[in-house]
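Since this is a predicted model, take the numbers as computed values, not measurements. Note that ligands are numbered from 1 as they come in the structure, with each ligand's atoms numbered from 1 the same way.
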Amino acid sequence: MSNTLILSIETSCDETAIAILSSSKNGIEILTNQVSSQVKLHAKWGGVVPNLAAREHLKNFPRLLEMALEEAKILPSQLDAIALTNGPGLIPALLVGTNYAKTLSYLWEKPLIGIHHIEGHIYANFISHNMEHGTWNKNAKCKKINKKTNSLIGNSLNIKFPILCLVVSGGHTQLVYMKDHLQYEIIGQTLDDAVGEAFDKVARILGIGYPGGPMIAKWATKFQKSNYKQNTNDDRLLMTDDKNSPQKTYGIKFPRPMLNKSNFNFSFSGLKTAVLYETKKFAMDFPGGSTSIKEVEPPRTFSKKYIAEVCHEFQQACVDVLISKTLKAADIYKPKTIMLAGGVSANKELREQLGNSIKKNLPKTFYSIPDLSFTGDNAAMIGAAAAFRWQKMTDVQKKKSKKNWSTIQANANLKMK
Ligand code: KG4
Ligand code: ZN
């Protein structure tokens with residue numbers, strides 16, 4: 001079987017991304033993986049501004065495309081197909097990538113494959129590491145083993161169906177059951193906020209920056225329970241950090257929502273509100289503070305110890321719920337592989353604690369996590385999903401997909417099928 005060359009495009013949120021990959025029976029080789037992040041631009045606003053994101057995509061795309069073709073040393077005529085994220089996501093952002101992709105497909109007369117953004121996140125697990133090109137990981141070796149979690153990162157040969165995938169991103173929290181490639185059954189999902197969204201909102205409450213996920217994870221590492229003494233004195237304010245006071249814990253406890261429900265759904269909005277009330281309660285205790293929870297804004301001058309404990313407890317509440325629901329679902333669905341996908345899968349505690357729970361409770365189940373370089377939004381994952389779609393297409397379907405540029409539409413609420 002000869003190699004299939006796919007150029008893939010991702011613009012569903014605040015990352016403009018283009019990748020070129022070569023897929024063969026030996027796996028997927030990333031020839032180039034270009035990502036231009038707009039995090040700094042949106043940080044000023046505390047979240048992604050859709051129109052700003054679209055403007056940046058429009059500006060970045062041509063240069064990124066040039067760089068991708070240059071690095072992969074590929075001419076457009078050599079490509080077999082173009083893949084794009086056509087949803088879900090922010091519509092102004094999606095429209096830019098979709099229209100560039102449609103134009104390139106028309107101009108270069110190449111098949112066009114629409115990929116669901118979450119399908120891409122899932123297929124980040126199938127990217128193998130035996131590539132020799134690519135600036136992102138020049139020394140990557142095939143079959144990287146993570147000793148802590150016992151997982152074989154990204155080596156798709158070990159991924160056996162059925163798969164139970166825990167999808168955790170800024171827009172989605174789902175448990176997806178896959179009997180085979182490209183077959184998705186959503187067996188549980190969040191009823192309100194996605195877990196990544198909750199991380200971002202809690203970080204905003206604490207005033208620790210954007211995007212919230214990595215910030216909370218970083219602050220949580222500063223909380224070391226063994227060093228803390230239970231103490232009732234209040235030193236949640238910033239200035240008390242410098243007072244050489246003994247380490248204390250505030251005994252903060254947040255709920256584990258939906259933990260005891262028999263379904264596989266999640267809810268994170270109540271947890272976020274619990275954090276808000278915890279910080280507001282503090283604001284009320286503060287001399288001169290308000291007496292009504294509704295009236296007060298949490299102060300942005302929390303002590304480092306307080307922030308660390310809130311972050312640690314909030315993160316652990318999320319991890320506990322995610323692990324418990326995944327294991328519950330695994331008990332019923334009996335998957336051969338449990339997989340993690342989406343931006344929040346970068347979370348070290350989630351990666352390790354889920355791995356340890358699987359090792360302990362389901363030792364025969366393979367645990368797959370995407371390499372850290374593919375957890376956030378990127379185009380390589382979109383290309384990987386497209387490579388599997390391409391493999392399943394007949395020659396007639398492949399030929400017909402050259403005309404997809406006239407029908408594919410960006411869809412903010414695209415459903416995975
Ligand atoms: O998949 P993704 O890049 O974009 C969407 O498809 O939504 O996910 C972004 C989300 C953000 O909410 C971000 O805060 C979260 O992933 N995230 C993390 C970590 N890194 C990114 N959450 C927890 N811990 C992390 N280390
Ligand atoms: Zn994403």
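- Using modelled atom types and a 3.5 Å distance limit, the side chains of Ser8 and Glu10 yield no donor-acceptor pair.
- Taking the six-membered ring for Trp and the full ring otherwise, the centers of Phe314 and Phe254 sit at least 6.0 Å from each other.
- In this structure a side-chain-to-backbone donor-acceptor pair under 3.5 Å is missing from Lys160 to Thr337.
- Stacking of Lys222 on the aromatic ring of Trp219 is recorded, both the 6.0 Å distance cut-off and the 45° axial limit being met.
- Counting atoms of ligand 1 from 1 in the listed order, those under 4.0 Å from a heavy atom of Gly196 are 12 (O).
- The shortest distance between side-chain heavy atoms of Leu112 and Lys102 falls below 4.5 Å.
- Among all protein heavy atoms, the one lying closest to atom 17 (N) of ligand 1 is Gly343 O, 3.7 Å.
- Given atom 15 (C) of ligand 1, the protein heavy atom at minimum distance is Val344 CG2, 3.8 Å.
- For Tyr184 and His116, the gap between ring centers reaches or exceeds 6.0 Å.
- Below 4.0 Å from some heavy atom of Gly170 lie the following atoms of ligand 1, by number and element: 5 (C), 7 (O), 8 (O), 9 (C), 10 (C), 12 (O).
- Residue contacts with ligand 1, taken as heavy atom pairs separated by less than 4.0 Å, involve Asn347 via backbone and side-chain atoms alike.
- Regarding atom 18 (C) of ligand 1, its nearest protein heavy-atom neighbour is Gly213 CA, 3.4 Å.
- Taking every heavy atom of His117 and a limit of under 4.0 angstrom, the matching atoms of ligand 1 come to 6 (O).
- Side chain to side chain, His57 and Thr11 fail the donor-acceptor criterion of an N or O pair below 3.5 Å.
- Distances from the Zn ion (ligand 2) show that Cys13 has no N/O/S atom below 2.8 Å.
- A side-chain N or O of Asn125 and one of Ser368 form a donor-acceptor pair less than 3.5 Å apart.
- The minimum distance between the Zn ion (ligand 2) and any N, O or S atom of Asp377 involves atom OD1.
- Residue contact annotation: His172 places no N/O/S atom under 2.8 Å from the Zn ion (ligand 2).
- Counting only heavy atoms of the protein, atom 11 (C) of ligand 1 lies nearest to Asp200 OD2, 3.6 Å.
- In this structure, the protein non-hydrogen atom closest to atom 2 (P) of ligand 1 is Asp377 OD1, 3.5 Å.
- Counting heavy atoms under 4.0 Å from ligand 1, residue His121 touches it through the side chain alone.
- Remark: side-chain polar atoms of Lys334 are not paired, donor with acceptor, to backbone N or O of Pro162 under 3.5 angstrom.
- In this structure, Gly171 is part of the shell of residues with a heavy atom less than 4.0 angstrom from ligand 1.
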